[in-house]
Amino acid sequence: MTKVRIGIVGSRFQADCIAASVRMMPDEAEVVAVASPTPGNAEAFARRHGIARFYTDYRELLRDPAIELVSITAPNRLHAQVTIDAARVGKHVVCEKPLCVTLEEADAMIDACTKAGVLLLYAEELFFAPKYVKAKQMADEGAFGRVHLVKQGEKHSGPHSGWFWDVEQSGGGALMDLGCHGIAFCWWFLGKPRVKSVYAQLSTQLHGARTQGDDEAVTIIEFENGALGIVENSWNRPGGMDDSIGYAVEKASSTTGWTYPVYEEHWNYGFPQEMRHFARCVRGKETPIADGETGRVVLEVLYAAYASAGLGRKVELPFRPQSVAKPIDLWKRRELAAR
Ligand SMILES: NC(=O)c1ccc[n+]([C@@H]2O[C@H](COP(=O)([O-])OP(=O)(O)OC[C@H]3O[C@@H](n4cnc5c(N)ncnc54)[C@H](O)[C@@H]3O)[C@@H](O)[C@H]2O)c1
């Protein structure tokens, strides 16, 4: 069978990661096109990664008949529109985290892909990261007895691109950016139980001049089976990403001096394995372990967490705030959360 032909929307941080990851496991997929609006960027990206075609408008990429799977690495506020446009022309979609900004968008994305008969795949690479896969395998085999507490943290010194800091474009701060990983991780690790309640403590400690967003977040998730997940996130940790293991990788301004060494960063985060799995799902060889519903579960927890921080108490799920433009509004305007 031929390799799954991927078109990437976006040409910067995560796009580089996806293109490099597909090249690391080239047996099932190949990147054949890229689209990015800044003149020259898509072309430079294509040249860097040996990609045949490049576009400035993602809708041109969607018209490319060769493309079967669209990988969305554009800012959060664009995820829903690009997904829906891709589904309408019969392309499968891999959407980066968070799935989108509003719960209404999440429903519309899932609906559009279901109606079009295409896959909506949610790019949570921690489900494929070897150290986490191994830990889950051990837990599932009973190595730790009944697991009643799972912790995951992601902390670094703050995002590389301006739009992350602008809550109108991102939807929230460190919790929205990094917490989606920990929320998904705890849920997955425990076997995807229903979420019962969420409590979160948020603050802006260092970056108040730059952002309305939270730069410190602690979230406690109570699951139906009685287990707890604790998710810690920060944009205030210098020295590179601390994902609770302590590698100096993403956002490391310097790796000279004392540091934990890292090898095969993409592999250790699970990106090549994730993209291979998604390509195999497109060919019907595997069943998605992270899809639009996964992204929606995470987004609902994010909304409940921001509401909890606004209200100063835990919030029960299901949680369905009406007509809220973005998660962080529930923290900043507690009257919205109280409705
Ligand atoms: N899974 C992970 O660990 C991980 C890591 C980083 C980023 N992400 C996610 O990936 C997405 C992109 O983040 P990033 O760090 O690459 O951001 P970035 O700012 O580095 O890159 C964003 C890219 O999107 C492009 N873009 C903007 N408007 C566009 C449009 N209308 N059409 C097409 N492209 C457009 C920009 O030109 C740029 O190339 C975000 O949703 C982010 O949360 C996930």
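Just so you know, residue 1 is the first one in the sequence shown, and it goes up from there. First listed ligand is number 1; within each ligand, the first listed atom is number 1. Computed from heavy atoms alone, side chains included, the values below leave out hydrogens, waters and symmetry copies.
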What do the steps show when you test Arg77 against Asp166 for salt bridge (Lys or Arg N to Asp or Glu O under 4.0 Å), and what is the final call?
-> CA-CA 11 Å; Arg77 74 189 145 81; Asp166 174 5; over 6 Å; no
Decide yes or no on salt bridge (Lys or Arg N to Asp or Glu O under 4.0 Å) for Lys326 and Glu168, but give the supporting numbers first.
-> CA-CA 8 Å; Lys326 53 192 180 303; Glu168 298 302 325; 3.4 Å; yes
Residues Asp177, Lys97; criterion salt bridge (Lys or Arg N to Asp or Glu O under 4.0 Å); working and verdict = CA-CA 8 Å; Asp177 176 31; Lys97 62 79 195 167; 2.8 Å; yes
For Ser197 and Glu316, run side-chain hydrogen bond (donor to acceptor under 3.5 Å, both in side chains): C-alpha distance rounded to whole Å, both residues' side-chain angles, the deciding distance at 0.1 Å, then the answer.
-> CA-CA 4 Å; Ser197 75; Glu316 305 281 334; 5.1 Å; no
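Residue nearest to atom 39 (O) of ligand 1, selected from Cys180, Ala35, Ser11: Ser11 (by heavy-atom distance). Here the shortest heavy-atom distance to atom 43 (O) of ligand 1, taken over Lys97, His79, Glu96, Glu154, belongs to Lys97. Atom 23 (C) of ligand 1 has its nearest heavy-atom neighbour, among Leu178, Thr56, Thr73, in Thr73. Distances from atom 15 (O) of ligand 1 to the heavy atoms of His160, Arg12, Gln14 show the closest one on His160.
Near Glu125, with a cut-off below 4.0 Å to any heavy atom, the atoms of ligand 1 are 1 (N), 2 (C), 3 (O). Close approach of ligand 1 to His181 is summarised as follows: ligand atoms under 4.0 Å from at least one heavy atom of the residue are 1 (N), 2 (C), 3 (O). Taking a cut-off of under 4.0 Å to the non-hydrogen atoms of Ser36, the atoms of ligand 1 that pass are 37 (O), 39 (O). Each of the atoms 28 (N), 29 (C), 30 (C), 31 (N) of ligand 1 lies under 4.0 Å from some heavy atom of Leu78. Taking a cut-off of under 4.0 Å to the non-hydrogen atoms of Ser161, the atoms of ligand 1 that pass are 18 (P), 19 (O), 20 (O).
The shortest N/O to N/O separation between Ala123 and ligand 1 does not fall below 3.5 Å. Backbone and side-chain nitrogen or oxygen atoms of Asn76 are examined, and one is located within less than 3.5 angstrom of a nitrogen or oxygen of ligand 1.
For Asn41, the closest heavy-atom approach to ligand 1 does not fall below 4.0 Å. In this structure, Phe271 is part of the shell of residues with a heavy atom less than 4.0 angstrom from ligand 1. Residue contacts with ligand 1 include Phe164, since one or more of its heavy atoms lies under 4.0 Å from the ligand.
Classified by interplanar angle (parallel below 30°, tilted 30° to 60°, perpendicular above 60°), the ring pair Trp235/Trp165 is tilted. The aromatic rings of Phe128 and Phe278 lie perpendicular to each other, with more than 60° between the two planes, well past the 30° mark.
In this structure a side-chain-to-backbone donor-acceptor pair under 3.5 Å is present from Arg5 to Ala66. Within the 3.5 Å criterion, the main-chain N or O of Gly158 finds no donor-acceptor partner in the side chain of His207.
With Trp187 as the fixed residue, the side chain to side chain contact (heavy atoms under 4.5 Å, CB included) test singles out one of Thr294, Val301, Val298, Val150: Thr294.
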